[in-house]
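Input: a single structure, listed below in structure tokens.
In the text below, chain A, chain B and the rest are named by the order of the sequence lines, each starting its count at 1. Only this structure's heavy atoms are used, side chains among them; waters, hydrogens and symmetry mates stay out.
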There are 2 protein chains.
Amino acid sequence: MYPKPEIPPGTLDMLVLKTLARFGPMHGYGVAKSILQTSDDVLRVEEGSLYPALQRILRKGWVTADWVAAGPKRRARVYHLTREGRKQLDAELSEYRRVASAIERVIQPA
Amino acid sequence: MYPKPEIPPGTLDMLVLKTLARFGPMHGYGVAKSILQTSDDVLRVEEGSLYPALQRILRKGWVTADWVAAGPKRRARVYHLTREGRKQLDAELSEYRRVASAIERVIQPA
DNA sequence: TTTGGATACATAGGCTATCTGTGCATAGAT
DNA sequence: ATCTATGCACAGATAGCCTATGTATCCAAA
């Protein structure tokens, strides 16, 4: 078992893409914070999960990334959802809901 | 990505235990068929997933297993949920719902 | 009558995705 | 001064399901 499988395998990309869709372009750290807050502190995306995920969806063309100044001597990378990313998000959302509702049918009754 | 992550990682034990709780003792093949039907053909538990899962939860004491005759020359193993298994099921159900509702909060809004 | 599909169990090995641990670096608070 | 937060990134470990394979019985269709 995962020690604390806060992020169910297979859902991370969806959560990241959805967050960018909701709140617009933001940097990686902001995405993690946003997911944590929106989920009421349940979904804690570790950095070791977040950045590989961002690299992955960047390579797939679902987001673009721009370096911006985040202070006098600091840099941050702002991620922007692409049209492809939006399509991917929609696909992942409907697949997630399809499976989630199937699980509900199995576990619903007392 | 999983090719077809029909069974989200981490949910298999819960689905098996729940099925035994709902329909009473049954053999492995029956569990898989029941999950498939209850989920409207969405959750297809492969045999290579099912039997290792049953072995695992058997070793953990969540079920007991009895060999019975399934025909003149056939044998089948009937699994029976234990009290420990019932407790484990309740724990997994509440954890699943906790995380699932957190995900809903993130993906819910348009 | 023979072929295929469903029933029924089980294991070995591979794959995928997340997490842990680590590293670098700046900024603000205690 | 030290801790926490911000901010990026990678390597390796771990966990869990799937594919492929093997054995064996039963029944229906061609």
Find the distance [X]:[atom1] to [N]:[atom2] and express it as a whole number of Å.
X	N	atom1	atom2	value
B:Ile7	D:dC18	CD1	C1'	11 Å
B:Asp66	C:dA8	CG	P	16 Å
B:Arg75	D:dA24	CZ	P	10 Å
B:Arg77	D:dA24	CZ	P	18 Å
B:Lys60	D:dA15	NZ	C1'	11 Å

**Complete:** Each nucleotide of nucleotides 24-29 of chain C classed B (base within 4.0 Å of a protein heavy atom), S (only sugar-phosphate) or -, in 5' to 3' order, makes --BS--

**Message:** Run through DNA chain C and report every stem of 3 or more consecutive Watson-Crick or G-U pairs, distances under 3.5 Å, ordered by first number.
**Reply:** C:1-30 with D:1-30

**Residues from residues 45-57 of chain B lying under 4.0 Å of DNA chain C - heavy atoms** = B:Glu47, B:Gly48, B:Tyr51, B:Pro52, B:Gln55

**Message:** Expected output is a numbered-order residue list: members of residues 24-39 of chain B with a heavy atom under 4.0 Å from any atom of DNA chain C. What is it?
**Reply:** B:His27, B:Gly28, B:Tyr29, B:Lys33

**Prompt:** Should A:Val63 and A:Val68 be counted in the same cluster of Ile, Leu, Val, Met, Phe, Trp and Tyr side chains packed under 4.5 Å apart?
**Reply:** no

**Asked** Closest approach of B:Tyr51 and B:Tyr29, non-hydrogen atoms and distance?
**Response** OH-N, 3.8 Å

Flag the pair [X] / [Y] as yes when at least one side-chain heavy-atom distance between them is below 4.5 Å, and no otherwise.
X	Y	result
B:His80	B:Leu20	no
B:Ser49	B:Ile7	no
B:Arg77	B:Arg75	no
A:Leu36	A:Leu43	no

**Prompt:** Of the options A:Lys18, A:Lys60, A:Gln88, A:Arg56, which is the one that meets A:Asp13 in a side-chain hydrogen bond (donor to acceptor under 3.5 Å, both in side chains)?
**Reply:** A:Arg56

**Asked** What residues form a salt bridge (Lys or Arg N to Asp or Glu O under 4.0 Å) with B:Arg74, not counting sequence neighbours?
**Response** none

**Members sharing B:Trp67's hydrophobic cluster (side chains within less than 4.5 Å)** = none

**Prompt:** Rounded to the nearest 0.5 Å, how far does OH of A:Tyr96 lie from CG of A:Leu15?
**Reply:** 8.0 Å

**Message:** Check this for me, if you would: do B:Glu95 and B:Arg98 make a salt bridge, where the nitrogen-to-carboxylate-oxygen distance has to be below 4.0 angstrom?
**Reply:** yes

**Request:** Mark yes or no for whether A:Ser39, through its side chain, and A:Ile35, through its backbone, hold a donor-acceptor pair below 3.5 Å.
**Result:** yes

**Message:** Any side-chain to backbone donor/acceptor pair from A:Thr19 onto A:Val31? Under 3.5 Å, distance only.
**Reply:** no

